[in-house]
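The figures here come from the full heavy-atom set of this structure, side chains too, leaving out hydrogens, waters and symmetry mates.
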Amino acid sequence: MNKDNMHALLSKYRFQCGILLLLLGLLGLFLYVSPQTFLHRRIYVAFMSTIPFPTLLALGLTLLIVAGELDLSFPSIMVISGLSFATVSQTTASPFLGLLAALVTGGLAGLINGVIVVLIGVPAIIATIGTQFFWRGASTLLADGLALNMTELRDTTFHHVMVGRLFDWIPMQTLWCLAVAVLFWFLLNRHIFGDDVRFIGDDINTARMMGIRTDGVRIGLFVLMGLVSALASVMVCLEMANWWPTQGEGYLLLVFAAIFLGGTSVFGGQGTISGTVIGSIIIGILEAGIISAGLSGYWTRLIHGLVIVISVSLYAMAFKSRRR
Amino acid sequence: MDTILKATSLNKSFGPIHALFDANLSINRGEVVALIGDNGAGKSTLIKILSGVFSPDSGSLQINGTAVNLRRYSVRKARSLGVETVYQERSLGEKQPLWRNVFVGRHLRNPLGFIRVKKEKEMTLAMLRNSIGLKGVGISADALVGTLSGGERQGLAISRAMHFNAGLTILDEPTTALAVGEVGRVLNFVRSIAEKGNSALFISHNLHHVHEVADRFVFVNRGTIVHQCTRAEMSVAALFDKLEQLSMAPLTPDEQR
Ligand SMILES: Nc1ncnc2c1ncn2[C@@H]1O[C@H](COP(=O)(O)OP(=O)(O)O)[C@@H](O)[C@H]1O
Ligand SMILES: [Mg+2]
């Protein structure tokens, strides 16, 4: 019985183990190829200051994907929420009010996605392509296409709490991101909300027959994604001391890559928070590893592409998910 | 007699298909009622209305003598009024572990909504031990439903319903995938519902099973209830005759399309 349990546990977590090994292997490789870079704390501090932003987004998106939904508009929800943050914190001189404004903006943008997808019935992939363009356009228009300088926030307590350096070296965004990861782990694995999300992604008709309020849960997920995007945007603005109209644009594919690399099922119903975190770290360290190995930055895209295709193919083979 | 459920002139269409037409049904406390009818007669549609999955186009419903508002009626509402259903198909989350499937939609939880996972797994294991059709060695509360056979799935769905011990248990063709010995246990379970003073609504194509467990037979044909009688009034052979007679009846011009 005990041995069986061990076995079940191992096979249950074999994908998490696999991806963890992949991360360690990559780190080992980078250490071997460019020890001068990877033996220093500096690179890890740099990782901890940049990787949390796409990781936060990936955490929110993981829950949506487990429910069988999708959001392509989060980079644009970031930019419109960031604009709210910049504008409100400049006019009120209170970055905290700015954060609230950003969360309200992101939450509303998520609510709009949710209403279009769930109540009107437009597939998420189409609805969120539309809102993606809309919010990007609206932000650029409202800001006249110009960036907003936010250096005046540099020395505020708010800055230190959100993206400061704990003990003068650990970026606070890492801690916030870990806190959100723990929260989402509990949501997905231990909370009735996560249970509903799983059953909705598994088969929405089953979920309905089992008394799950599918509409409310799905809308809630879009709102949650909006809130997470707003939080990520506020942190990016603070870290860069700047808001700019193309903020978030590079994140879309990286975030998806991290999630699927982490082992969350493309087909819904199953997902892993720890996988998403590790996947985000792998995607985040690849570029630095490639460049410090002496390869040109042009290699990054190619290798990201390879990593995604190979990992998803491996999962597909492992789960035998081929359509028959 | 004491009525637990009374449905009056239920109608339901799916686009052009008039699946249920002026259907009336009442079930007494302590009674097992069987729905009999051909495939496509509207049996599953009727029970899905009773269990809150579909909302009817018109009609009314009383449970325990109180009228329910059919606009607000839902699976949750039905459960809270003591109506528990074993659906014909797709009532389990394939990629989810057994324990989540047992408690889906009604987890044991703390006030913040966190699930009491350990307790639920223990209860699931206890349920598996004296369940129907789940005798496979090594089935654990963490096994995924997708790894179960058809019979095991049906067993799980029935065991789940048994566990919640409802005032009215509805079973839609619960025995189709089960082995002979397990069918006997399901039939015993249905009888035990009545012995406890609760009620059951039972759908099966096997008229021998129907005759064995039901106190009353209700014939459904082309979306409406066409005949009712008690067990005393009808032998198994008579059930067969009646069913054949109904399925031979000519189509009305409207149904010929
Ligand atoms: N969700 C649905 N959408 C469209 N048509 C349906 C749906 N459910 C049932 N029907 C139709 O309603 C009729 C009755 O089906 P059903 O109640 O499942 O019959 P039974 O359970 O007696 O075999 C059939 O013609 C069926 O095709
Ligand atoms: Mg049916």
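Of the atoms belonging to B/S74, not a single heavy atom falls under 4.5 Å from chain A. Residue contact with chain A, scored on non-hydrogen atoms closer than 4.5 Å, involves the side chain of B/R79 exclusively. Looking at A/R208, only its backbone comes within 4.5 Å of chain B, counting heavy atoms on both sides.
Heavy-atom contacts from other residues, nucleotides or ligands closer than 6.0 Å to CZ of A/F193 number more than 12. By the neighbour-count criterion of 12 heavy atoms within 6.0 Å, atom CG of A/L178 is densely surrounded, having more than that number from other residues, nucleotides or ligands. Heavy atoms of other residues, nucleotides or ligands lying less than 6.0 angstrom from CD1 of A/I125 number 12 at most. Crowding of A/W176 atom CH2: a count of heavy atoms from other residues, nucleotides or ligands under 6.0 Å not exceeding 12. Within a 6.0 Å radius of CZ in B/F164, more than 12 heavy atoms belonging to other residues, nucleotides or ligands are found.
Of the inter-residue distances, the one linking A/I204 atom CD1 with B/R90 atom CZ reads 11.0 Å to the nearest 0.5 angstrom. Put simply, CZ on B/R100 and CD1 on A/I192 are 11.5 Å apart, with the number rounded to the nearest 0.5 Å. Atom CE of A/M210 is separated from atom CD of B/Q96 by 13.0 Å, given to the nearest 0.5 angstrom.
Listed for the B/R76 side chain is a donor-acceptor partner under 3.5 Å among the backbone atoms of A/G211.
Shortest non-hydrogen contact noted between B/K95 and A/S265 is NZ-OG, 4.3 Å. Heavy atoms only, all atoms of each residue included: B/V75 and A/M209 are closest at CG1-O, 3.4 Å.
Contact count against chain B (heavy-atom pairs under 4.5 Å) is highest for A/D203 among A/I212, A/D203, A/N205.
Applying a 4.5 Å heavy-atom cutoff, the residues of residues 35-68 of chain B that approach chain A are B/K48, B/V53. Residues of residues 109-120 of chain B placed with any heavy atom under 4.5 Å of a heavy atom in chain A are listed by number as B/R109, B/L112, B/G113, B/F114, B/I115, B/V117.
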